[in-house]
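Note that the coordinates shown come from a computational prediction; the quantities given were computed from them, not determined experimentally. Counting starts at 1 for both ligands and their atoms, in listed order.
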Amino acid sequence: MGRIGALALQGDFELHIKMLRKAGIEAVEIRTPAQLDSVSGLVIPGGESTTVSRLMRRYGLDKAIRERYLSGSLAVYGTCMGMILVCSDTEGDHDLAQLGFIDATVERNAYGPQVESFESDIVIDSVNGSGPMRFRAVFIRAPKVTRVGDGVKILASHAGAPALISQGLCLAGNFHPELTDDWRLHKYFLDEFAARIGD
Ligand code: GLN
């Protein structure tokens, strides 16, 4: 099953859907637990983590995503806000529906406000066994990873902080691949994470 969902509660899920389709991947919007049944991978997009936490709890999506993930039948890719939600902890006191799929701590808005958004090239380690990949990363009120546990792979860094990390069936980055024309990371998520479901 190669279909990927994008969590469509708030944030820039539409751009992820477009990018997945550009990459030739079947993509659907996910708003209810039942809709999760038809996908093997889920992208959690950038957005506002407190708002999305509230909505996820209201619709029972945090529980449903956790159950599917822990049963090994769902891969998850969190970008920016999505990265915050897939990690285990946040610096400071925030009431977020963190899923805890990656043993890492993040600091929200660590690079300053929206006006201090920036772009930078990062180098991602051996994607699809094809050697390092240079990728234009767009950072918008990005979270910063301040701690990673032993089982976490750091696939790319920016200015000394991890920018793309993974653990198990979960991939997370603090930048926005959907704001470029480059769909290689979406394809990477499908090939290296979602395609492992059912192995
Ligand atoms: N600042 C947002 C938050 O903490 C995340 C930023 C983003 O997803 N672009 O929710």
Side-chain angles (χ1 to χ4, degrees), residues 4-20 27 29-31 41-59 61-62 65-66 75-122 124 135-148 152 154-159 161-167 170-183 185-186 188-189 193:
I4 304 287
L7 188 68
L9 299 175
Q10 184 268 341
D12 63 351
F13 54 88
E14 279 173 347
L15 289 176
H16 278 286
I17 297 268
K18 264 194 201 152
M19 183 131 279
L20 287 160
E29 295 181 0
I30 303 290
R31 292 195 178 80
L42 177 71
V43 174
I44 305 183
E48 220 294 307
S49 52
T50 47
T51 306
V52 171
S53 291
R54 210 165 36 237
L55 295 171
M56 275 168 69
R57 285 176 177 143
R58 184 182 303 164
Y59 301 123
L61 273 161
D62 54 336
I65 294 168
R66 202 176 280 116
V76 177
Y77 174 23
T79 64
C80 205
M81 171 205 79
M83 178 189 232
I84 299 172
L85 293 181
V86 297
C87 284
S88 49
D89 309 280
T90 308
E91 303 276 358
D93 189 17
H94 303 284
D95 180 24
L96 302 176
Q98 281 182 293
L99 297 160
F101 300 156
I102 297 186
D103 177 20
T105 306
V106 292
E107 183 185 347
R108 291 178 64 197
N109 306 324
Y111 297 91
Q114 192 99 0
V115 288
E116 281 165 41
S117 298
F118 60 97
E119 292 185 26
S120 178
D121 279 352
I122 58 169
I124 298 171
F135 201 89
R136 190 73 181 157
V138 181
F139 298 88
I140 302 172
R141 293 180 76 213
K144 185 185 251 170
V145 176
T146 56
R147 179 198 65 87
V148 290
V152 178
I154 299 175
L155 300 164
S157 296
H158 167 73
L164 189 70
I165 56 179
S166 75
Q167 185 166 25
C170 189
L171 175 70
N174 65 347
F175 57 93
H176 289 262
E178 78 287 3
L179 294 178
T180 67
D181 287 328
D182 192 342
W183 43 260
L185 262 181
H186 289 78
Y188 173 67
F189 173 59
F193 291 81

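- For ligand 1, the protein residues placed under 4.0 Å by at least one non-hydrogen atom are Gly46, Gly47, Glu48, Ser49, Cys80, Met81, Ile84, Arg108, Asn109, Ile140, Arg141, His176.
- Counting only heavy atoms from C-beta outward, the side chains of Leu185 and Thr79 never approach each other to under 4.5 Å.
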Tell me, with the steps shown, if Glu48 and Arg108 meet salt bridge (charged side-chain N to carboxylate O under 4.0 Å, His left out). CA-CA 10 Å; Glu48 220 294 307; Arg108 291 178 64 197; 3.0 Å; yes
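- A distance of 10.0 Å separates CD1 in Ile17 from CD1 in Ile4, rounded to the nearest 0.5 Å.
- Each of Thr51, Leu96, Leu85 was compared with Met56 under the side chain to side chain contact (heavy atoms under 4.5 Å, CB included) criterion, and only Leu85 meets it.
- Shown here is Asp181, whose CG atom has no more than 12 heavy atoms of other residues, nucleotides or ligands within 6.0 Å.
- Note that CG of Asn174 is 9.5 Å distant from CD1 of Ile84, once rounded to the nearest 0.5 Å.
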